[in-house]
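Reviewing the structure listed below.
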Amino acid sequence: MRNLKLLKSLRSSELQGPGSPQYLSVRADTGTLLVLSQYSITEFDPRTGQVVNEASLTADGFLPDDGCGVVVGLQDLAELESACLATAGGDVILFNLNTCQVECVGSVDSGLTSMSWSPDEELVVLTTGQETIIMMTKDFEPIIEFGIHQDDFGEGKFITVGWGKKETQFHGSEGKQAAQRKLQEVQPAAAWDDHRPRVTWRGDGQLFAVSAVCPQTGGRKVRVWNREGVLQATSEPISGLEQALCWKPSGSLIASSQRHPNKHSVVFMEKNGLLHGDFTLPFSKDQAKVKDLLWNSDSTVLAVWLEDMTPGEDGQVNTYVQLWTVGNYHWYLKQSLDFGKDPQKAPVCVGWDPERPLRLHMVTRGWTTITYDWGWNTDRSPGVDDTDNANVAVIDGDKVLMTTFRKCVVPPPMCSFELQLKSPVNQVTFLCRPQKTNQLAALTADRQISVYGKDVDKTADGFRVISRPLVLQKTFRVAALQDDPLVLRQLLWLEDELFVGVSSGLLPTSSTLVMLRPAQDADDTLSVRSEIEVDGVVVSMVQCCQTRTVALQLEDGQIRKLLWDCPEPSVEDWTDSSGCSINFPVACIQTALCSISGEEYLFGLTDRSHLYAGDSELASNVSSFAVCNDFLLITTHSHTCRCLHLSSLSVKGLQVALASDGNQNDETLRRVERGSRIVTVVPQDTRVILQVSLTHERLFHVKLIKLREFVLTLVVLICFREAFECMRKLRINLNLICDHNPKVFLDNIETFITQLNSINDVNLFLTELKEEDTTSTMYPHPESSPIQPQPASGQKKVDVVCDALRGAMESMDPNKFCLSILTAHVKKTVPELEIALQKVHELRENPSEAPGAVSAEEALKYLLFLVNVNDLYEHSLGTYDFDLVLMVAEKSQKDPKEYLPFLNMLKSLEPNYQRYTIDKHLKRYKKALHHLSKCGEQHFPEALQLVKEQKLYSEALRMFSANSSHYKALSCAYAEHLVQQQQAEQAGLLLWRCGEPVSALQAFASSTSWRNAICVAQQIPLPPDQLALLARDLAEKLIEQRRYSEAALLLDQYAKDCEEAILALITGAVWEEALRLIYMHNRQDITETNLKPALLEAVSTQTVFLETQVVTFVRHRTRLAVVREQKEKARLDMLDEDGPDCPDAELYSEASSVMTNSKYSQSNSRISSRSSKNRRKAERKKLSLKEGSPMEDRALMYALGEISTTVDKMREDVHSLLKALVLFEFDKQAEKLQLAYEDALQMMAAAVPEVWPEGLQNNQAPLTGPNSTANSIMASFQQQQKPVVSQQDAEVLTPPKMRNGVKWKLTILK
């Protein structure tokens, strides 16, 4: 639904020469024009108006001096930096564009009729006067020569399988007479046909087609050859086929023209020669002839060059150039250029630019060069209120196809209505005034402006027209302009009778703004009231309907502002709020005005998909955009549509929003079909019209546009009904009604119910409730929004809303809102199914007689719709109400043979046992136990079994008195369970308090709870010998657990064996307690036999252990220094070779093996399932002290930390040992031990800064210094941003804490 809009035109009359131009070629690398006449060849730059190169063709005899020479082809050869031309006399000439030398590279005696180069400039095809084709290389080496007219169809000849006869085939609506109808004879070529062959290449250069007059029929026939010269296909006989021929660059169709008995058409053929579509030219049968057809380089526009066949009264003929486009298999005439009857102004050469697809070059007979630059534009109405119908106007020849998207969505080529004009339309524009944006003005090729306005609404025969056509109100004739086509461009309709347009300026690099108003002496004529000269070529002009600002864009991207609403209109620079000039970095193909945070900006979209707001780039993948009601809508090449609120964002905010991909809950983003473009946006609505692949449209709603209006309606006006309907229509989550402002919603809960006034709507709202706060997840508040989310309270949102709604409905009309009340019970976080079932049961017992009341059957049926029938049946059974159970069962699909026997069995039971049976069936074991405990003595074994099976020991103990036999039985059962769970001490406590001391003693003994065991033993009481035996057994277990002091106490006090007690203390190195018992029991002999040897042995053991730890510590510290040096050297070497972005470089830093993503630092699914203790063990297993391992440095640090911690923990043991040694005069051994231990502690404390340097845990410091390079310094700074990744790493990097505050040394040994 786009139109071709003229962006700029360049007319130059500086080129002059003898004769008249015959051929035109465009140099792709320089943009200059090669113009060939019967006398010379000229290279001309239309931008500067200067002749670059020129050479005579008559001086060397290539063409005759009398001007009767004919040129049959011209081609620019970029690789050779030359131009190749062919003459009718048979010469092929090269014109060197650097040296201006002309050279004949070959000649054909029979003459030449045409020349055509392949698109890749590797091959050239020449047609000769003998009707043959010569194919040569770019070096003019002949490849093959063959005749144009061949009897064979070609390699693509159709195959007939012989199924049936033609007479028996189905012939459609023509009937069987079509089988007997003779083929229409092919008419000979038209009289004006020059009978010269026409050659055209496919875009990929693999095929070329030749149109030539057939000697047998006299009519034209098209043949297709490949680049090897092999005939591929021959066209079917086509009567009236004309000389024009052009192959679409995309390769699908070959265009030509055909004259029918009643019309004149442009027809298309496939490469197999069969016709494939056509369109009719807007001329009568014999009015015009097609001189040529030209496709542009991207195959989007077909130029048709025509000329009148019959001269007028003055003997002159009109010349036309029409631009056609196709969409959805319909051909649109987008532009019609009428050059009048002046032969000097008629174009004699027409050609598209090879680099700029929408640039058209022409050369007139009077040597004037014209360059037109076109652009695609969607002409939409600019309104921002609800009176604007979202009109889109599509030009189609002398018709304007209007579609009012507010009323209906009609896919092209259909439309809401058509506006028929007298001449082809070149431009359309809408009036840019509020309430009047539906009015349209159309500028036609005869320089008239037709104004269309709204018709009065009427009804006819009881019917009302939804989309009423516009009616013609006035026609203006534009006076005082040059008599050239498209002299006025970029037309804007500012006021009722004020237009502004752009025309060419006095200089090629300037433009003139023309203000048009009705003449004072003629209301139907628009005269120029003022002209404003602009220093630059204006390529776009746009107005904002709200601010009435008019912005201009020049061809280099500069932005200007037109001050039109003043006595003396003028143009000034576009500036920002600080007064700085603002311009686009590059020219944009689409522009629009809008306001961002109160400042007006000009948005622009380039042909490279970059979107700018002034000089700030917003995004780089935008395919289309539109501005409407403070919202920016864009489509991207990633097939998404974004909608952004401009009033709540700054330019930087827009950049950030467009740079993000958006999450799944981002309501500003929506996926669209590939290739979608925005056609228009319906103002004050949520509808956006997209066009997909130029064939069909899509309408969808953008939620964010309506969301702001909904919020204002909800908060300010409390219009819940309108908000609810809008949200349902746009599929917005209904939770937003209560999440947006919970206090307002809860305070107006009755208003909400009253406005909805629909049970179904209330039920829908309740069923969509969820605990999520949609204002923070799905629909977050803008930063500038005054409404902020409410802080969360202790209660759950769903429960609060359900209770509030239920309470309001019960107070308003419980009968009317019965179903909604049931929904509120069911929807709570813990569904209240029993209460809901009870309400249904009450309805059945006491049905309401109020009008519109719900029956119990209807309520139950609705409840079954909300809840699974099996769940509802079980909950009804849990109410112990068999009438309710039967009511639910009857509505379910259950077989009565299944549930009736079960229910009858339950009815026959005692009430408590009955409830126990039901609860056990429903697996509600705590309730079942409660009811079973009330059933009497005979059911206690069953209760005990239930307790054991379901492990309900704690609940069961609370149900029986502590003095009962049942309590004792339950305690014993619980104790057995605890023993099995390795909790024997707790089992002993239970048994002890319930009067089972023997069993309690066994439990305490097995758990080594020796104090409780002794207490129970004395309570029993045990005989002295058994008590002593018990004490010895407990002491052995304590010694195994290295609890020597407790074992000695048992042996001394209860086993009465002081010697064993002293030996246990000596074994445990409890020297002072051993001495106490020795002197208490007067056993000094043990001092000599056991204590002193044990002291000497302890000194030796501690000394050897210290020496081993010190040696290991020194070895690990030395190795750590070597490993760190090697890794640092390797890291720096790699940085110097590969730069800072090398992915492996960071493996060699000091902390790299701790922090990098090596294979040892990856998580493992098996390890992650372990406990934290086992997980730490598994992490340690990864640390290997093997030389060369990837994590050797970390393993060394861990080992050094373990050694330091172990040695530090020896302080108390060493202190106790030193005191014992001094007591027994082992001073030398004590001094040696104290000195060794002191040296070890000092060495390890001194090594801490070296092993665990300061800042290692945070990150490695930046590497600087004379030996550092730029790459290494950059990489080190980048590594500072990398965090430590695991707890194990933190433990390794943290130095051990030495307990320097513990006093262990003896002063007397110094």
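Positions are given from 1 along the sequence.
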Step by step, work out the side-chain contact (heavy atoms from CB on, under 4.5 Å) result for Thr1067 and Ile1039.
CA-CA 9 Å; Thr1067 303; Ile1039 290 173; over 6 Å; no
Would Ile1014 and Leu1050 satisfy side-chain contact (heavy atoms from CB on, under 4.5 Å), going step by step from the backbone distance to the final call?
CA-CA 9 Å; Ile1014 294 297; Leu1050 281 171; 4.1 Å; yes
Report the C-alpha separation of Glu1073 and Arg1076 in whole Å, then their side-chain angles, then the decisive distance to 0.1 Å, and conclude whether the salt bridge (charged side-chain N to carboxylate O under 4.0 Å, His left out) test is met.
CA-CA 5 Å; Glu1073 182 66 14; Arg1076 187 185 71 83; 2.6 Å; yes
Stepwise salt bridge (charged side-chain N to carboxylate O under 4.0 Å, His left out) check, Glu1060 with Arg1032
CA-CA 10 Å; Glu1060 288 295 329; Arg1032 288 184 181 277; 5.6 Å; no
Apply salt bridge (charged side-chain N to carboxylate O under 4.0 Å, His left out) to Glu1046 and Arg1011, showing your working.
CA-CA 10 Å; Glu1046 298 172 73; Arg1011 290 180 175 87; 3.8 Å; yes
Stepwise salt bridge (charged side-chain N to carboxylate O under 4.0 Å, His left out) test for Lys948 and Glu976
CA-CA 10 Å; Lys948 291 181 178 180; Glu976 292 179 6; 5.1 Å; no
Please lay out, stage by stage, how Lys1092 and Phe1226 fare under the test side-chain contact (heavy atoms from CB on, under 4.5 Å).
CA-CA 9 Å; Lys1092 289 184 178 180; Phe1226 296 124; 4.2 Å; yes
Run Leu1027 and Lys1056 through side-chain contact (heavy atoms from CB on, under 4.5 Å) and show every step you take.
CA-CA 10 Å; Leu1027 182 61; Lys1056 307 301 181 180; over 6 Å; no
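Side-chain atoms of Tyr1054 and Leu1030, non-hydrogen and from C-beta on, never get closer than 4.5 Å to each other. Side chains of Leu991 and Ser971 form no contact here, defined as non-hydrogen atoms less than 4.5 Å apart. Between Phe1004 and Cys1015, the closest side-chain pair of non-hydrogen atoms is not below 4.5 Å. Side-chain atoms of His1081 and Asp1052, non-hydrogen and from C-beta on, do get closer than 4.5 Å to each other. Within the 4.5 Å cutoff, the side chain of Arg1119 has no heavy atoms near those of the Leu1185 side chain. At least one side-chain heavy atom of Val1207 sits less than 4.5 Å from a side-chain heavy atom of Tyr1237. Counting only heavy atoms from C-beta outward, the side chains of Pro1295 and Val1251 never approach each other to under 4.5 Å. At least one side-chain heavy atom of Leu1022 sits less than 4.5 Å from a side-chain heavy atom of Leu1001.
Defined by atom type and a distance below 3.5 Å, a donor-acceptor pair is missing between the side-chain atoms of Gln1229 and Asp1227.
A salt bridge links Glu1212 with Arg1299: the closest approach of a Lys/Arg side-chain nitrogen to an acidic carboxylate oxygen falls below 4.0 angstrom. A salt bridge does not link Glu1125 to Lys1129: none of the charged nitrogens lies less than 4.0 Å from a carboxylate oxygen. Between Arg1131 and Glu1128, at least one side-chain nitrogen of the basic residue sits less than 4.0 Å from a carboxylate oxygen of the acidic one, meeting the salt-bridge criterion.
Note that CG of Leu989 and SG of Cys994 are 11.0 Å apart. Values are rounded to the nearest 0.5 Å. Summarising the geometry, atom CG belonging to Leu1106 is positioned 11.0 Å from atom OG1 belonging to Thr1101; distances are rounded to the nearest 0.5 Å. Taking CD1 of Ile1078 as the start and CH2 of Trp1071 as the end, the distance is 10.5 Å to the nearest 0.5 Å. Annotation: the span from Leu990 atom CG to Gln983 atom CD amounts to 10.5 Å, rounded to 0.5 Å. Rounding to the nearest 0.5 Å gives a distance of 5.0 Å between CG of Leu1241 and CZ of Arg1211. Atom CG in Leu669 sits 7.5 Å away from atom OG in Ser638 (nearest 0.5 Å).
Of all heavy-atom pairs spanning Trp1304 and Leu1218, the tightest one is O-CD1, 4.0 Å. Considering all non-hydrogen atoms of both residues, Ala987 and Ala975 come closest at CB-O, 3.4 Å. Across every non-hydrogen atom of Trp992 and Ala1000, the tightest pair is N-CB, 3.7 Å.
Formation of a donor-acceptor pair under 3.5 Å by the Ser660 side chain with backbone atoms of Ala657 is found in this model. With hydrogens and angles disregarded, a donor-acceptor distance shorter than 3.5 Å links the side chain of Glu771 to the backbone of Lys797. Side chain of Glu1192 to backbone of Gly1188: a donor-acceptor contact under 3.5 angstrom is found. Although no hydrogens or angles enter the test, the distance criterion places a donor-acceptor pair under 3.5 Å between the side chain of Ser1006 and the main chain of Ala1003. Side chain of Lys1037 to main chain of Trp1010: no donor-acceptor pair is present (N/O by atom type, distance under 3.5 Å, no hydrogens or angles). A donor-acceptor pair is defined here as one N or O able to donate and one able to accept, closer than 3.5 Å; no such pair exists between the side chain of Ser999 and the backbone of Glu996. Judged purely by atom type and a 3.5 angstrom limit, Gln655 uses its side chain to pair as donor or acceptor with the backbone of Glu617.
Atom NZ of Lys1232 is surrounded by 12 or fewer heavy atoms from other residues, nucleotides or ligands within 6.0 Å. Counting heavy atoms of neighbouring residues, nucleotides and ligands inside a 6.0 Å radius, atom NZ of Lys1219 exceeds 12 of them. Residue Glu949 places its CD atom among more than 12 non-hydrogen atoms of other residues, nucleotides or ligands, all under 6.0 Å distant. The number of heavy-atom neighbours closer than 6.0 Å to CD of Glu1072, taken from other residues, nucleotides and ligands shown, is 12 or below.
The aromatic rings of Tyr953 and Tyr974 lie parallel to each other, their planes meeting at an angle below 30°, with 60° marking the opposite boundary.
For the side chain to side chain donor-acceptor pair (under 3.5 Å) criterion with Lys1305, the lone passing option out of Gln1234, Glu1238, His1215 is Glu1238.
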